[in-house]
Amino acid sequence: MGIEEMIVTPWEVVGKIDYKKLIEKFGTKPLSGKLLKKIEKHAGKLHMQLRRGVFFSHRDLDWLLDKYENGEKFALYTGRGPSGPVHLGHLIPWVFTKYLQDSFDAKLYFQMTDDEKYLITPKMTSKMALNHTYDNLLDLIALGFDPKKTLVISDMRCARTMYNIALNVAKHVTLSTAKAVFGFTDNSNIGIVFFPSIQAVPAFLPSILEGKNVPCLIPAAIDQDPYWRVTRDAAHKLGFYKPAQIHSKFMPGLGKGGKMSASIPETCIFTIDEPEIVEKKIKNAFTGGRATVKEQRRLGGNPNICSVHQYLYYMFEKDDDKIKELHNLCETGKMLCGECKQILLDKVQPFLKEHQKKREKAKDKVDEFLADNKINIKLPWKG
Ligand code: TYM
């Protein structure tokens, strides 16, 4: 296996990611200019992540917007596998989902797959997974989602509803499909083999709860795509609309290459990190700089491979002219890595300070968001 071989699954992202190739491999479509215009028409403005191609691919988004234009509102569905603290990469799809919720007045179903993380992580107990659900929910609330339009589903806490709907999905997914799509082997536990049917459920919940077919849009990074292939197949068989997707790229880690991943904590900024820790991580970040200052002044740096620049690009420098200017200053050797790191630090630290305050306040709001007693689908004795 070559070092650079690209692997993108829900549990593993390795190698240099070629997003064009991923579109081909996964059978999705690039976000066209025409589609972006259509989003802009309805949303009023294009989110920074759309303007910059952070969200780059989709399935059936054109269909979903046609439905919207014909008066059929859509629901949003996204989620988190609560394996530990939330990092800044996770916020990419969530911040974008908030923009969609606000712009399209859409209801959000947010799934916490505590079951998935329990099943897939050897050292995780079910209690730990539930604790992470609670902790990660604070991050979601801190981003300002509207509790009246947001339902957070913990799979373990909402097991009755989730399981009974998942059964319908599971019946239509063969083991050979699951193996081909997710790479399960004889060593995979049987819980995780069943799990994709649980991750399919929130795509159908809006339709089940409203008693009619409701279009559903899933914003997430492209690593989650295997789930949607199975879900879309089952949707067709069960008489639901196929859920549409909009896919983002991966915010990189602060190391050399690779996505931001909690499994390499020193290259990963967590939302609960203390300011000194954040400073240390950013100061040690991999950049596109040269070996010496002299060389960098003469030859310029490479912002395209620089993790610090990517952070500004994906999330922290909202002004398009500014980000272009920073790119240029780096390439022409007019700005050195130390200055650029400081610019990022001056943005990340205040953001996290504010976010951490909001996380504290979120503790009083948890029950407003939890779906626990709101989606208790009862099963009648008689059919
Ligand atoms: P999880 O916890 O691995 O990731 C949560 C969300 O964050 C995205 N993501 C990233 N986005 C940008 N840059 C990164 N470096 C980065 N790392 C992770 C993921 O794509 C995801 O959107 N099984 C899921 C939980 C889930 C879910 C869903 C996610 C259940 N239903 C519906 C999205 C949509 C999981 O473990 O996500």
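As the structure lists them, so they are numbered: ligands from 1, and atoms in each ligand from 1.
- Remark: Glu276 does not engage Lys280 in a salt bridge, criterion side-chain N to carboxylate O under 4.0 Å.
- Polar contact check, Gln199 against ligand 1: a nitrogen or oxygen pair lies under 3.5 Å apart.
- Against a heavy-atom cut-off of under 4.0 Å, Thr113 is close to the following atoms of ligand 1: 23 (N), 25 (C), 30 (C).
- Remark: Arg59 engages Asp225 in a salt bridge, criterion side-chain N to carboxylate O under 4.0 Å.
- Both tests pass for Arg52 against the ring of Tyr313: distance under 6.0 Å to the centre and angle within 45° of the axis.
- Counting only heavy atoms of the protein, atom 19 (C) of ligand 1 lies nearest to Asp223 OD1, 3.7 Å.
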Can you check side chain to side chain donor-acceptor pair (under 3.5 Å) on Thr231 and Gln199, steps first, answer last? CA-CA 8 Å; Thr231 306; Gln199 185 150 325; over 6 Å; no
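- Geometrically, ligand 1 and Tyr77 share a nitrogen or oxygen pair separated by less than 3.5 Å.
- A salt bridge does not link Arg157 with Asp114: none of the charged nitrogens is closer than 4.0 Å to a carboxylate oxygen.
- Of the protein's non-hydrogen atoms, Gly81 N, 3.7 Å is the one closest to atom 1 (P) of ligand 1.
- A salt bridge links Lys357 and Glu354; the closest N-O separation between the charged side-chain nitrogens and carboxylate oxygens is under 4.0 Å.
- Lys324 has no carboxylate O lying under 4.0 Å from a charged side-chain N of Asp320, or vice versa, which leaves the two without a salt bridge.
- Taking every heavy atom of Arg80 and a limit of under 4.0 angstrom, the matching atoms of ligand 1 come to 1 (P), 2 (O), 25 (C), 26 (C).
- Salt-bridge annotation for Asp66 and Lys38: present, with a side-chain N of the basic residue lying under 4.0 Å from a carboxylate O of the acidic one.
- In terms of protein heavy-atom proximity, atom 14 (C) of ligand 1 is nearest to Met251 N, 3.6 Å.
- Selection from Gly79, Ala220, Pro252, Gly89 by nearest heavy atom to atom 6 (C) of ligand 1 gives Gly79.
- Interface atoms of ligand 1 facing Ile218, defined by a heavy-atom separation under 4.0 Å, are 34 (C).
- The nearest non-hydrogen atom to atom 32 (C) of ligand 1, considering only Tyr314, Trp228, Tyr227, Phe250, comes from Trp228.
- The pair Arg229-Asp233 does not meet the salt-bridge criterion, since no charged nitrogen lies less than 4.0 angstrom from a carboxylate oxygen.
- For ligand 1, the polar-atom distance check finds an N/O of Gln111 within less than 3.5 Å of one of the ligand's N/O atoms.
- Closest to atom 21 (C) of ligand 1 by heavy atom, among Gln224, Met315, Lys249, is Gln224.
- Nearest protein neighbour of atom 18 (C) of ligand 1, counting heavy atoms only, is His90 CD2, 3.6 Å.
- Of the polar atoms of Pro93, none of the N or O atoms is found under 3.5 Å from an N or O of ligand 1, judged by distance alone.
- A salt bridge does not link Glu339 with Lys334: every distance from a Lys NZ or Arg NE/NH1/NH2 to an Asp or Glu carboxylate oxygen is 4.0 Å or more.
- Ligand 1 places these atoms under 4.0 Å from at least one heavy atom of Thr78: 28 (C), 32 (C), 33 (C), 34 (C).
- Atom numbering of ligand 1 starts at 1 in the shown order; those under 4.0 Å from a heavy atom of Lys117 are 36 (O).
- Taking a cutoff of 4.0 Å between a charged side-chain nitrogen and a carboxylate oxygen, Asp60 and Lys242 do not qualify as a salt bridge.
- Nearest protein heavy-atom contact of atom 17 (N) of ligand 1 is Lys259 NZ, 3.3 Å.
- Note: no N/O pair closer than 3.5 Å links His87 and ligand 1 by distance alone.
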